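Okay, so here's the structure we're looking at.
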Amino acid sequence: MLPTLIRQQFLSHLISARFFAAVIITLLLVVFNTLVLIDEYERRLADYNIQKTVHRQKVEAAETYSTLELFIERPPNPLSLFSTGLEKQLGSTVEIYYSLVPLISNASARYLANPFLNLFLKIDLAFIFQVVLSLLALLFAYDAISGERETGTLRILISQPVSRSSLLVGTYIGAMICLLLPLLLSLLLILILLSTTSSIQLSPDDFLRISGIFLTTIAYVSIFYLIGLLISTISQRTATSAMLCMFSWVVLVILYPTWSQFTMNPVGDTHAEKSSVEREINQIWEEVDREKRRFVANSPLMGKPPWFNLTGKGAVAWGDGRYKVNLELDPQSEELVPHVQEYYKTISALEIRLAKKTALIREQSLERTDIQQSRWDELLMKLSPASLYRFATAAWVGTDLDGMLDFAEATQKYHQALIDYFYQEDAFASRLWFASDKGIVDWSNLPQFHFDRKDVWVNAHRAIPELFVLFVMNLALFSGTVQVFIRMDV
Amino acid sequence: MIWHILKRELFDHINSLRFALTTFIMIALMVTNAIVHLQKYADQIQAYSKNVTVSTNKLKAQTRLYRLVQRGPGELYKRPSALSFIANGGDAFLPKLVIDDDSWTAGDVKSIATVGYPETKQKSKNLRPPGVPLDWVFIITYLFSFIPILFSFDALSGEREHGTLRLCLANPISRSLIVVSKFLGILIALVLPFTFAFLLNITILSTSPWIQFAPADWARLGLVFLIACCYAGIFIAVGLMVSARLERRMSLVVLLLIWVIVVVFMPLTLGTLAVKWSTPIQTVHQFRATKREFINNTRTENSRKWSQMKRNIDRNIAQKDELLPMLRFKMEWVNFDRNIREDLNREYLMAQIKQVQQARFVCRLSPAATVQYTLESMAATGLNRHRQFVENVQLYTKRFRQFIVEIDSTDAESLHLIGIPEGMSNKPITPEQIPIFEDKLTLRDSFNSALVDMLLLVLFAGVSLSGACLFFLRADV
């Protein structure tokens, strides 16, 4: 009996005009937006490559160690067209220098296109599924039970030797198969479009991620179908059921996520916290000034860094709390050079130590303010399955907050690698730190930065809580519907 | 007869479940909007007045006329709109001020102040999940299109299925009058809860000491109300149009799909697409490079001439009137440099804005986008407002420079060479005389920039209403 039920449900949906219209619309939206998104990704990739070249040129232009301007760039995520997450919102360029441990908030943006275009909001493929498929699920579900009751066919069905719960299971499976069709077709089209572009090469891991998104989408669509089914079972009339379904949809998918993010702010104002941390850090850095003065007082050096009492010509630039020095010394300053070398060695060792100390404080403060705020937003928004779905897809793709923190961790590792490199080359204590008159720095041994996304299991690990919640919601809704249906008068 | 239908429709709607749900949602959203705006606006306006005071004090501390030319009026801030609860307008992306552009020094020649536009914030350090603000634009564009559909999808199809439509038509009443009365019935049923929520919102806002609505603001609010009604009217008419031809279930599906495309997706994708097809403009990098190249070229060339002149003068001991052509050259140089840089800045800004406007032009295919732009104009936020701010700054700069010329002309000892220290009056100036920038926006400006959009909305509504009448005239009952 169950297969017959499923077949009947499936076929009746399949030949319905609403199914046809919905599939056409979904596919149109998906194809159209995939093309736009691929184009956009290619532009970002081109920007990334330009930036990398510019950064490399900057490194090669540095003649002394202290004038090194080392920037690294976050590569665009090829799967970000599925779920953008924080990918475009956060800056992608990070400057690496020895006296600052980079955190996620140190990333800055470089401007390449017309910034006013940010007035246009961007979408991703997960958003299309989130809006269209959930709406479709509700349109399938709102008259599933109430419609049959109104037309009287429900009585006939119940008179058959079939339990009420298997009746529901049949309805559910039949409709879900039908709902999977537009999703499968869309994914197929997306994959075809992706394979025709040379700029996006999907790895096996990426296919696993896409399957993860697929699985999450099924769980998400099923929630909305079950919500519709529950409403349809409870309501006496189809018209009421339709209204309740539509209103729950607009609240859950459109209104609640915006409302929650706009209204709720459990962390409160973080300005005070931030400025107190800034003061604390400035106090710590004062030690460097004291040490500098002490050093100069106990050595034949006089005056202020970086010139002291040296003579010669050269360029000195100040920025971000450090001097970028490139001198050509006169012969009579030559005897002071060992002292200057000793000076930079001592001071930079201290600076590196303090950078680590302050990084800890900065990191904790960031954790308490911005990251905490983001996590709260996420938690509250997740009360709606639509947001749950968005965060789950972002977690699969790696564009969620954790994915961005991965990149921040990679930049920190690279920062450590740079310091190790400097120590290995004895850069701080070398004449090349501040003077280029006896040869310039050879950067061929400078460690290269490259960022690999975490493998798919890490993504899965992050997406699993959301996926689990989605499944639990499904179960709860289904058993709720069964309970209501069993007790119902037909 | 039309009154009977109208009254019956209205009572039907008011007793319905959807009316209760609509009222609840609208009030919840509007109250939230008001409460959050209260907190945000107080912070904004305080920060603004602090910035303006600092900048004005710096300006008034100047005593020499040349310093006024050299440093310019300083930073000029955009006044935050008291009505930003209506439309946020992407203020997070738009710059809040106008600054002095980068200055240079070549020997004893100094550049003079140029109006520069700071870069728009492209990406923020904001770690919060991306989202849109809950302003009236959000509430109106989504709710005032979704709810009319839910009210109108069964207005004609439902009656036809129940057979009551035949009864109705048996009366001496024209078909288009039935459509119009149904249209009005739904519109009034929608406007009732909206008016209530609207008044509640305004009442909450008026309790704040920071927000005082001027008469012009009330006019703006009234226009916003009319725009919202007009927008809802479009979707009611479209709903009636579809419901005149299709059966009830199908008309719900079709209307929802139309809604998803027109309201949710069109404003999001059309803009991006239009940009893709528009003529590309210089990137910020390229623009900066062009500007730097220009500045450096004129500077090297003119520095050479300048030092040559100085050498010539130094050789034979100069009289004052022999110095004059040399000073004139210097004056022309700095002024030329300023004008060209200002032109470049303005042209680039206009090119950027033009590209966005072209994209917006395409977006207007969706009434949701049109409503967004209209409300932005009414709330004095967003791109149009930014343009007006830039225009205000330009007018003020003109006045500021005029003032310097006037003060200078009163001094007989001055050489009246504006732009160089040797050629200008050395007398101290009274700080009260210096004109101060006031960022004002009249209702007329807002109205002018919104006029096309409003006409477009009325046109949309008219066309869809007559479409609904036409469809119903030709429908089988």
Side-chain angles (χ1 to χ4, degrees), chain A residues 17-18 21-22 25 29 32-33 36 39-40 84-86 88-92 104-105 107 109-123 128 131-132 135 139 143 239-240 242-244 246-247 250-251 254-255 257-259 261-263 370-371 373-374 377-378 381 391 401 404, chain B residues 16-18 21 25 28-29 32-33 35-36 89-90 93-94 119-134 138 142-143 146 150 154 158 249-250 252-254 256-257 260-261 264-265 267-269 271-273 275-276 281 283-285 351-353 355-356 359 363 382-383:
Chain A
R18 57 181 161 186
I25 297 293
L29 281 175
F32 195 67
N33 283 301
V36 172
D39 188 68
E40 209 245 339
T84 313
L86 292 168
K88 291 180 210 163
Q89 185 178 328
L90 293 182
S92 54
I104 189 171
S105 53
R110 302 282 143 177
Y111 310 98
L112 288 160
N114 179 354
F116 281 100
L117 297 179
N118 279 310
L119 292 172
F120 296 104
L121 298 166
K122 309 275 167 31
I123 55 171
I128 300 179
V131 171
V132 179
L135 193 61
L139 285 178
D143 60 352
T240 325
M243 281 306 121
L244 283 174
M246 289 303 109
F247 274 98
V250 83
V251 169
I254 306 276
L255 302 180
T258 298
W259 182 86
Q261 197 191 7
F262 189 71
T263 321
D370 289 356
I371 292 183
Q373 202 162 33
S374 181
D377 276 339
E378 226 179 287
M381 282 167 86
F391 287 116
L401 183 61
M404 297 295 135
Chain B
S16 67
L17 173 73
R18 46 194 166 186
L21 290 172
I25 290 179
L29 291 180
T32 320
N33 167 277
I35 291 173
V36 176
F93 296 125
L94 296 172
E119 277 155 3
T120 0
K121 259 189 230 159
Q122 188 172 33
K123 288 167 187 169
S124 59
K125 290 176 179 172
N126 184 4
L127 297 180
R128 302 180 75 171
V132 286
L134 184 77
F138 176 81
Y142 281 107
L143 279 191
F146 192 73
L150 294 187
D154 60 351
R249 281 180 195 175
M250 200 51 209
L252 180 64
V253 174
V254 168
L256 283 177
L257 292 178
V260 162
I261 290 189
V264 182
F265 286 105
L268 290 176
T269 25
T272 323
L273 208 69
V275 171
K276 192 184 150 191
I281 59 167
T283 64
V284 180
H285 276 323
Q352 285 182 330
I353 290 183
Q355 199 184 24
V356 181
C363 282
L383 188 73

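Worth saying up front: this structure is predicted, and the values here are computed from it rather than measured.
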Next item on the list: May I ask you to test the A/Ile254-B/Phe146 pair for a side-chain heavy-atom distance under 4.5 Å?
Entry: no
Checklist line | Side chain / backbone / both / neither for A/Met381 at chain B, heavy atoms under 4.5 Å | finding: side chain
Note to self: Please identify, among A/Leu255, A/Val251, A/Ile104, the residue contributing the most non-hydrogen atom pairs under 4.5 Å to chain B.
What the structure shows: A/Leu255
Notebook entry, point to check: Which region of B/Leu273, side chain (C-beta onward) or backbone (N, CA, C, O), has a non-hydrogen atom less than 4.5 Å from a non-hydrogen atom of chain A, or is it both or neither?
Noted result: side chain
Note to self: If I take atom CG from residue B/Asp154 and atom CE from residue A/Met243, how far apart are they, to the nearest 0.5 angstrom?
What the structure shows: 6.0 Å
Next item on the list: Evaluate the side-chain proximity of A/Met404 to B/Leu127: yes if any heavy-atom separation is below 4.5 Å, no if none is.
Entry: no
Checklist line | Proximity breakdown for B/Ile25 and chain A, heavy-atom pairs closer than 4.5 Å | finding: side chain
Next item on the list: Of all the heavy-atom pairs spanning A/Ser374 and B/Pro129, show the shortest one and how long it is.
Entry: OG-CD, 4.0 Å
Note to self: Taking side chain as everything from C-beta outward and backbone as N, CA, C, O, which of these in B/Leu150 sits under 4.5 Å from a heavy atom of chain A? Side chain, backbone, both or neither.
What the structure shows: both
Item checked: Heavy-atom pair count under 4.5 Å with chain B, highest-scoring of A/Leu139, A/Thr240, A/Thr84, A/Val36 -> A/Leu139
Next item on the list: Would you mind checking which part of B/Leu143 comes under 4.5 Å of any heavy atom in chain A, side chain (CB onward), backbone (N, CA, C, O), both or neither?
Entry: side chain
Note to self: For A/Leu29, which atoms come within 4.5 Å of any heavy atom of chain B: side chain, backbone, both, or neither?
What the structure shows: side chain
Checklist line | Part of B/Val356 lying under 4.5 Å from any heavy atom of chain A | finding: both
Notebook entry, point to check: Under a 4.5 Å heavy-atom cutoff, which of B/Leu257, B/Val260, B/Thr272 has the most pairs with chain A?
Noted result: B/Leu257
Notebook entry, point to check: Within a strict 4.5 Å, meaning less than it, do heavy atoms of the B/Phe265 and A/Ile123 side chains meet?
Noted result: yes
Note to self: If I measure from the heavy atoms of chain A, does B/Leu268 come under 4.5 Å with its side chain, its backbone, both, or neither?
What the structure shows: both
Check: Using non-hydrogen atoms only, which part of B/Val132 is less than 4.5 Å away from chain A: side chain, backbone, both, or neither?
Finding: both
Check: Can you check whether B/Arg128's main-chain N or O pairs, donor with acceptor, with A/Gln89's side chain at less than 3.5 Å?
Finding: yes
Notebook entry, point to check: Roughly how far, to the nearest 0.5 Å, is OG1 of B/Thr32 from CZ of A/Phe262?
Noted result: 8.5 Å
Note to self: Does any backbone or side-chain atom of A/Ile371 lie under 4.5 Å from a heavy atom of chain B? Answer side chain, backbone, both or neither.
What the structure shows: both
